[in-house]
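Because the structure is predicted, anything quoted here is derived from the model rather than measured. FYI, side chains are in, hydrogens and waters are out, and symmetry mates aren't considered; it's all heavy atoms of this structure.
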Amino acid sequence: MDSFSSPSSGSSSQFSANEFRDQLKTQLAQAYAEEFLETLRVKCFDKCITKPGSSLSGSESSCISRCMERYIEATSIVSRALFKTPH
């Protein structure tokens with residue numbers, strides 16, 4: 001039997017189920033945040049930056065700001081709808 005299928009011998013290096021669940025939640029939240037920010041960056045960059053250069057123009061900066069706000073708001077609305085508990 002391998003270490004995954006054999007019962008633990010009570011060693012201190014073994015995670016409890018709660019510790020494992022908490023660590024998994026943390027890792028999933030971090031992965032979600034990284035994916036969210038990357039998607040946001042790509043979508044807003046593609047939409048707003050027409051001529052990449054060493055700095056942003058005023059219109060590019062405004063566009064990115066509005067794009068990010070809309071994307072975050074839309075994601076929030078979708079998340080609330082998906083996780084809404086029935087009454």
Side-chain angles (χ1 to χ4, degrees):
M1 280 183 155
D2 61 21
S3 63
F4 293 108
S5 58
S6 64
S8 72
S9 60
S11 108
S12 62
S13 66
Q14 297 292 322
F15 281 115
S16 73
N18 287 338
E19 290 171 326
F20 179 76
R21 185 182 63 242
D22 291 345
Q23 184 179 26
L24 184 59
K25 282 182 181 179
T26 299
Q27 289 176 349
L28 287 172
Q30 182 178 0
Y32 174 78
E34 289 172 4
E35 179 71 21
F36 178 80
L37 291 173
E38 179 64 12
T39 300
L40 182 63
R41 185 191 65 77
V42 169
K43 287 185 180 297
C44 292
F45 184 89
D46 288 348
K47 177 180 174 53
C48 298
I49 309 300
T50 56
K51 297 178 186 173
S54 61
S55 63
L56 296 175
S57 70
S59 61
E60 289 172 331
S61 182
S62 295
C63 179
I64 287 178
S65 181
R66 285 190 312 273
C67 178
M68 291 174 62
E69 288 172 5
R70 284 193 309 262
Y71 190 76
I72 291 168
E73 182 180 3
T75 302
S76 177
I77 291 167
V78 170
S79 294
R80 282 194 305 267
L82 286 174
F83 299 110
K84 184 178 179 181
T85 55
H87 295 275

Discussion item. For a 4.5 angstrom cut-off between non-hydrogen side-chain atoms, does L37 reach R41?
Written reply: no
Worksheet item: Does anything in residues 57-72 pair up under salt bridge (Lys or Arg N to Asp or Glu O under 4.0 Å), and if so which pairs, sequence neighbours excluded?
Response: none
Discussion item. Test: ring-ring contact (aromatic ring centres under 6.0 Å, His included). Region: residues 32-66. Which pairs qualify, not counting sequence neighbours?
Written reply: F36-Y71
Item to complete: Under the side-chain hydrogen bond (donor to acceptor under 3.5 Å, both in side chains) rule, collect the residues that match up with E73, sequence neighbours excluded.
Response: none
Practice prompt. Tell me whether F20 is reachable from L28 by hopping between hydrophobic residues (I, L, V, M, F, W, Y) whose side-chain heavy atoms are closer than 4.5 Å.
Written response: yes
Discussion item. Run the side-chain contact (heavy atoms from CB on, under 4.5 Å) test on E34 and Q30 for me, step by step, so that the C-alpha distance in whole Å, both residues' side-chain angles and the decisive distance to 0.1 Å come before the verdict.
Written reply: CA-CA 6 Å; E34 289 172 4; Q30 182 178 0; 3.2 Å; yes
Response to the item:
Per side chain to side chain contact (heavy atoms under 4.5 Å, CB included), C48 is matched among S61, C67, S62 by C67
Worksheet item: Which pairs pass ring-ring contact (aromatic ring centres under 6.0 Å, His included) with one or both residues in residues 50-69, sequence neighbours excluded?
Response: none
Discussion item. Between S76 and I72 (side chain of the first, backbone of the second, donor and acceptor by atom type, cut-off under 3.5 Å), is there such a pair?
Written reply: no
Worksheet item: Does F83 share a hydrophobic cluster with V78, counting links as ILVMFWY side-chain heavy atoms below 4.5 Å and allowing steps through other members?
Response: yes
Discussion item. Suppose we screen for side-chain hydrogen bond (donor to acceptor under 3.5 Å, both in side chains). Which residues come up paired with N18, at least two apart in sequence or across chains?
Written reply: R21
Fill in: Residues that E35 engages under side-chain hydrogen bond (donor to acceptor under 3.5 Å, both in side chains), provided they are two or more places apart
none
